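Labels below follow one simple rule: chain letters A, B, ... track the order of the sequence lines, proteins then strands, and each chain is numbered from 1. Source: prediction; values computed, not measured.
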Amino acid sequence: MPDLLANLNAEQLAAVTLPDEPALILAGAGSGKTRVLTTRIAWLIQNGHVSPAGILAVTFTNKAAKEMQTRLSAMLPVNTRAMWIGTFHGLCNRMLRAHFRDAGLPQTFAILDSQDQLSALKRLLKAHNVDDEKYPAKNLQYFINNAKEQGLRPADVEANDDFNKRFVDLYAAYDEQCQREGVVDFAELLLRCYELLRYNDAIRQHYQHRFRHILVDEFQDTNVLQYQWLKLLAGFGTQHPAAVFAVGDDDQSIYAFRGANVGNMRDFEHEFRVRRLIKLEQNYRSHGHILDSANHLISHNARRLGKNLRTDAGHGEPVRVFQADSDGREAAWLLDEIRDQVAQGASRSEIAILYRSNAQSRVIEHALFSAGIPYRVYGGLRFFERAEIKHALAYLQLLENPRNDAAFGRVVNFPTRGIGARSLETLQDAARQYNCSLFEAVAYVPGKAGSTLGAFVRLIEQMRADTRRMTLPETVEHVTNTSGLVTHYQGEKEGQDRIENLQELVTAAQAFVVEEGYGLDALAAVLPAEPAGTRALAAGDQVQQVLDPEALPVVMTPLVAFLTHASLEAGDNQAQAGQDAVQMMTVHAAKGLEFDVVFITGLEEGLFPHENSMMDPDGLEEERRLMYVAITRARKRLYLSFAQSRVLHGQMRYHVRSRFFEELPDAALKWLTPPAAGPGSQPRRQNEGGWGRDWFKKPEDVPFTGSKPTGGMDRGNNYANAQREAGSGFRIGQGVFHNKFGEGVITALEGSGADARANINFKRHGAKWLALAVAKLDPID
DNA sequence: TACCACCCGCTTTTT
DNA sequence: GCGGGTGGTA
């Protein structure tokens with residue numbers, strides 16, 4: 001047997017071999033956190049501290065859970081399937097499926113993603129005739145999720161004024177609606193599971209007895225409810241509590257805005273009486289200058305548990321800093337550096353471009369696209385979130401549970417079948433009157449509306465009958481065809497992609513059956529009536545999942561399993577440019593990843609730190625942690641850049657460079673451009689190596705980089721464009737005086753020669769487009 | 001019912 | 001600058 005503990009450093013070894021007691025591991029970026037977690041599990045089992053069935057490991061993302069699972073199977077000869085490894089939501093789902101009756105849920109409950117939840121709320125507001133100006137669905141969604149994440153039911157929420165009381169009432173009404181329709185939102189999965197454990201002694205004791213070791217990844221990201229759930233599951237305060245092994249990094253806490261409570265780390269340390277807090281400070285990722293920058297920056301945060309990363313790698317290259325006079329120019333420079341790097345043998349997928357907000361990606365994308373450099377943008381729509389996929393899934397939901405009004409509403413008239421707002425209103429009235437689902441209410445609608453609706457009901461029922469003996473992939477295919485979705489998209493201009501996605505859904509169902517074994521990780525899936533293997537499972541067969549000898553069986557159909565899978569794991573986002581591509585993403589999305597070369601762009605006051613966070617100290621500290629996360633993504637080479645002007649929300653904005661530059665060590669930085677004054681500080685010393693590229697020497701000669709993209713036509717030389725359009729004698733940001741409109745600032749320039757126009761934002765008269773050949777404009781200052 | 005024109009708003013996001 | 005939502009019209 002390979003020695004698990006070989007090659008661990010002293011800190012890691014100490015963490016892995018801790019006795020069976022609560023432990024808090026402060027794991028810095030790149031310190032081998034996942035390795036410690038998995039080795040700890042393997043070590044515990046190998047040394048007989050616990051059997052696989054006694055392990056519960058919880059993460060935030062499916063990706064992290066899968067990674068842990070994979071590494072463990074490689075490490076351990078034993079069956080890892082008895083362990084519970086998953087996301088908070090995945091594990092809660094599992095418990096709720098096993099105990100659906102005790103949890104007060106229908107066996108086939110469906111899971112709403114955020115989109116579904118929002119539309120459910122819109123439906124609710126309409127049904128209750130609520131003024132959606134005063135009570136926007138978005139706000140209500142935030143209110144409800146926030147309450148649930150604090151563990152609060154409507155009765156527990158304090159409402160001091162009428163406005164909040166109304167929110168509480170709507171929260172209660174929403175919960176009722178969900179219950180009636182047999183659906184559960186993400187936060188509800190956790191809260192419901194928490195309540196199940198809390199109010200059901202037998203179930204709680206079963207799991208408390210079973211899970212002797214609970215390991216938590218990214219502990220700094222847990223919210224109040226998740227911490228409470230962990231305490232309950234671990235039997236906190238009981239005679240034989242489980243050993244909780246919490247791994248986290250307070251310096252990488254960047255999700256306070258969605259309810260993460262870093263305070264959980266402190267609370268855990270005190271409440272569980274953690275005897276030894278272990279810090280993993282040896283960094284295996286970044287070179288010295290990069291790490292120095294990260295350490296230096298984060299030391300400006302006041303509230304930390306305290307930690308300093310070190311590395312054995314040398315200083316490495318300096319951190320390169322670039323100042324551009326516009327966002328377009330920043331992008332042009334980026335292109336140049338990337339070309340250099342690739343020419344020197346760097347692989348494009350090892351180059352990451354990071355930014356604070358998604359809006360910043362456009363300019364960069366445009367530049368990369370025009371230059372023909374393959375790139376991949378993270379974020380955006382994911383597979384199971386696409387409209388056509390959602391539609392197909394809604395039909396499948398209706399096969400499983402016709403009471404699902406959300407699914408009903410989504411597809412009753414899609415593709416259109418003559419059921420308009422009028423008919424739906426009648427139907428909703430009927431549903432209210434008879435206190436039943438929309439599907440059931442169809443029977444009470446008379447006349448023409450009743451017959452078109454009736455046809456829809458018959459369509460669904462026919463589908464259900466047709467698919468009764470079909471396998472899951474056959475069912476999916478049948479539904480995409482008979483629903484009319486494929487035919488509908490055939491008639492659409494952009495429909496081909498959507499049809500391909502629908503076909504991809506069939507493929508996904510096949511993969512779900514073959515590769516993932518119906519998502520039942522222990523495939524002791526058995527047919528009650530026939531011996532397994534005599535034929536493929538039909539989508540509607542009852543399948544009993546025997547997780548392990550100790551577990552209570554989970555009974556569900558392949559279809560429900562697939563639908564759950566679709567909600568809980570939204571899938572990859574569009575895999576653009578499959579080849580070796582430059583990686584583009586927000587800093588948030590980069591957490592947990594690493595690259596040889598990293599560009600952090602748009603380092604400007606107002607953008608990063610973001611203006612909405614600059615007001616309060618907590619917000620600023622989170623921005624700083626975000627910057628810390630960004631810096632620590634880089635292995636060998638780090639670039640920081642900012643632009644003095646950029647188009648934001650369609651308007652030209654001017655920024656000074658980010659205060660974070662003032663918080664980085666001079667010795668680690670190399671300025672590629674002469675630094676201009678920063679926020680409240682003096683220009684820095686000049687760098688030793690000169691300014692490099694000749695075209696940066698006189699930026700004032702090149703005032704305009706075409707804020708208006710010329711389309712995909714230009715072959716990526718923004719610089720040439722800039723020269724061409726500079727002939728007007730005006731530049732963006734220039735102050736001008738007009739006889740009639742007074743003082744203003746040029747915010748955009750378009751066209752050239754006689755057609756040249758300028759958009760000018762006048763102090764008194766607002767923004768106007770003026771032809772330069774006609775308008776008399778005098779430059780000021 | 002379907003399409004288009006206009007309006008607003010706008011940080012980060014996994015499940 | 002763009003996407004989502006809405007209201008008016010053919």
Side-chain angles (χ1 to χ4, degrees), chain A residues 58-65 86-93 111-119 122 132-133 136-138 142 145 148-149 184-190 193 218 221-223 225-226 253-260 327 354-363 365-366 378-382 384-385 387 413-424 491-492 564-571 573 585-592 602 606-614 619 622-623 625-627 629-630 646-653 707-709 747-748:
Chain A
V58 59
T59 63
F60 275 88
T61 63
N62 291 301
K63 200 173 149 205
T87 62
F88 280 98
H89 294 85
L91 297 175
C92 287
N93 171 60
I111 298 167
L112 301 183
D113 67 18
S114 319
Q115 277 177 41
D116 301 333
Q117 185 188 32
L118 191 63
S119 21
K122 285 182 179 162
D132 53 2
E133 295 266 290
K138 266 255 159 65
Y142 172 81
N145 290 338
K148 289 188 179 183
E149 279 160 15
V184 160
D185 62 50
F186 285 136
E188 183 73 20
L189 277 176
L190 297 181
C193 184
E218 306 278 16
D221 289 339
T222 51
N223 62 34
L225 177 59
Q226 284 159 340
S253 161
I254 55 173
Y255 285 113
F257 71 91
R258 66 173 194 214
D327 50 354
L354 310 185
Y355 34 82
R356 177 60 181 59
S357 63
N358 286 306
Q360 291 164 247
S361 72
R362 245 196 77 260
V363 187
E365 242 187 291
H366 182 242
Y378 281 75
L381 264 199
R382 295 183 308 173
F384 287 110
E385 292 168 350
N413 196 35
F414 194 95
T416 47
R417 37 178 82 89
I419 298 170
R422 183 63 59 75
S423 310
L424 283 182
E492 254 189 13
T564 302
H565 168 79
S567 310
L568 243 32
E569 201 168 339
N573 43 38
M585 65 197 83
T586 63
V587 179
H588 282 92
K591 190 176 163 211
L607 258 187
F608 199 0
H610 196 275
E611 53 198 349
N612 296 0
S613 312
M614 285 175 9
E622 180 142 323
E623 293 289 307
R625 291 193 293 269
L626 202 49
M627 181 65 184
V629 167
R646 77 169 59 237
V647 182
L648 214 60
H649 310 319
Q651 274 215 314
M652 186 59 75
R653 300 241 320 223
S707 72
K708 191 160 195 235
T747 59

Tell me: [atom1] of [X] to [atom2] of [N], nearest whole Å?
{"X": "A:H366", "N": "C:dC2", "atom1": "NE2", "atom2": "P", "value": "10 Å"}
{"X": "A:H565", "N": "B:dT14", "atom1": "NE2", "atom2": "C1'", "value": "16 Å"}
{"X": "A:Q651", "N": "C:dG1", "atom1": "CD", "atom2": "P", "value": "10 Å"}
{"X": "A:H89", "N": "B:dT13", "atom1": "NE2", "atom2": "C1'", "value": "12 Å"}
{"X": "A:F414", "N": "B:dT1", "atom1": "CZ", "atom2": "P", "value": "14 Å"}
{"X": "A:F186", "N": "B:dT14", "atom1": "CZ", "atom2": "P", "value": "11 Å"}
{"X": "A:L381", "N": "B:dT14", "atom1": "CG", "atom2": "P", "value": "12 Å"}
{"X": "A:M585", "N": "B:dT13", "atom1": "CE", "atom2": "P", "value": "11 Å"}

Quiz prompt | A:R258/A:D221 salt bridge by N-O under 4.0 Å criterion | solution =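 So A:D221 does not pair with A:R258 through a salt bridge.
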Quiz prompt | Note: A:R362-A:D327 ion pair, threshold 4.0 Å (strictly below) | solution =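 No salt bridge links A:R362 with A:D327.
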Quiz item: In terms of side-chain heavy atoms of A:T416, which of B:dA2, C:dG1, B:dT14 is nearest?
Solution: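 Nearest to the side chain of A:T416 among the choices is B:dA2.
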Quiz item: Counting only distance, no hydrogens or angles, is the base of B:dT13 paired donor-acceptor with the side chain of A:S114 under 3.5 Å?
Solution: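 Not at all, since no donor on one side and acceptor on the other fall under 3.5 Å apart.
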Is a side-chain donor or acceptor of [X] paired with a backbone partner of [Y] at a separation under 3.5 angstrom?
{"X": "A:S119", "Y": "A:Q115", "result": "yes"}
{"X": "A:E149", "Y": "A:L225", "result": "no"}
{"X": "A:N413", "Y": "A:I419", "result": "yes"}

Students often get this wrong, so: under 4.0 angstrom with heavy atoms, is [X] touching a base, only sugar-phosphate, or nothing?
{"X": "A:I419", "result": "sugar-phosphate"}
{"X": "A:N145", "result": "nothing"}
{"X": "A:D185", "result": "nothing"}

Self-check item: Nearest-nucleotide comparison on DNA chain B, the residue closer to the 5′ end among A:G420 and A:A570
Solution: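 Upstream on the strand: A:G420.
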Self-check item: Over 12 foreign heavy atoms within 6.0 Å of OH, A:Y142
Solution: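 No, not enclosed.
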Quiz item: Going by the angle between their ring planes, with limits at 30° and 60°, are A:H588 and A:Y255 parallel, tilted or perpendicular?
Solution: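 Ring orientation of A:H588 relative to A:Y255: tilted.
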For nucleotides 9-12 of chain B, print each protein N/O atom paired with a nucleotide N/O atom at under 3.5 Å, atom names and distance only.
from, atom 1, to, atom 2, distance (Å)
B:dT11, O4', A:H610, NE2, 3.1
B:dT12, OP1, A:N358, N, 2.7
B:dT12, OP1, A:N358, ND2, 2.9
B:dT12, O4', A:R356, NH1, 3.4
B:dT12, O2, A:R356, NH2, 3.1

Exercise. For salt bridge (charged side-chain N to carboxylate O under 4.0 Å, His left out), just list the numbers for A:K63 and A:E569, CA-CA rounded to whole Å, side-chain angles, deciding distance to a tenth of an Å, and then say yes or no.
Key: CA-CA 10 Å; A:K63 200 173 149 205; A:E569 201 168 339; over 6 Å; no
Quiz item: Taking OP1 and OP2 of B:dT15, is either one under 4.0 Å from a side-chain nitrogen or oxygen of A:R382?
Solution: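 True: A:R382 side-chain N/O within range (under 4.0 Å) of B:dT15 OP1/OP2.
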Practice problem: Kindly write out the residues that satisfy ring pair (Phe, Tyr, Trp, His ring centres under 6.0 Å) with A:F88, not counting sequence neighbours, or none if the list is empty. | Solution: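 Testing A:F88 for ring pair (Phe, Tyr, Trp, His ring centres under 6.0 Å), a comparison that skips the adjacent residues, returns A:F60, A:W229.
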Quiz prompt | Syn-anti status, with the boundary at 90° from 0, for the nucleotide B:dT12 | solution =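 Nucleotide B:dT12 adopts anti.
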Quiz item: Within a strict 4.5 Å, meaning less than it, do heavy atoms of the A:F384 and A:H565 side chains meet?
Solution: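 Yes; the side chains approach each other to less than 4.5 Å.
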Between N or O atoms, less than 3.5 Å apart, protein on one side and nucleotides 3-10 of chain C on the other: list the pairs.
from, atom 1, to, atom 2, distance (Å)
C:dG5, OP1, A:K122, NZ, 3.1

Quiz item: Which whole number of Å gives the distance between the P atom of C:dG4 and that of B:dT13?
Solution: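 Straight-line distance between the two P atoms is 16 Å.
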